[in-house]
Amino acid sequence: MNRELKEFRRLERACREHAAVASFDLEREGLLKVADDYRKAIEGLQKSASIRQ
């Protein structure tokens, strides 16, 4: 699960970085929505991990 968290964080960061330089509003909005989805997935995984312990 730790590997999944690292990968999701990397992908979230990449989406936000690409959104910062996106030339189209629709592209930027889409990338930010995907980044938010990754953030929610990260929070869900962290919450799930804390419940198991």
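- Distance check: L31 CG to F24 CZ gives 12.5 Å after rounding to the nearest 0.5 Å.
- Closest approach of L5 and Q46 over heavy atoms only: CD2-CG, 4.1 Å.
- Applying the salt bridge (charged side-chain N to carboxylate O under 4.0 Å, His left out) test to pairs two or more places apart or on separate chains, those with a residue in residues 19-33 are D25-R28.
- Y38 and L32 are members of different hydrophobic clusters when ILVMFWY side chains are connected at heavy-atom separations under 4.5 Å.
- Under a hydrophobic-cluster definition in which Ile, Leu, Val, Met, Phe, Trp and Tyr are linked whenever side-chain heavy atoms come within less than 4.5 Å, directly or via other members, I42 and L45 are assigned to the same cluster.
- Remark: E43 engages R39 in a side-chain contact (heavy atoms from CB on, under 4.5 Å) (not counting sequence neighbours).
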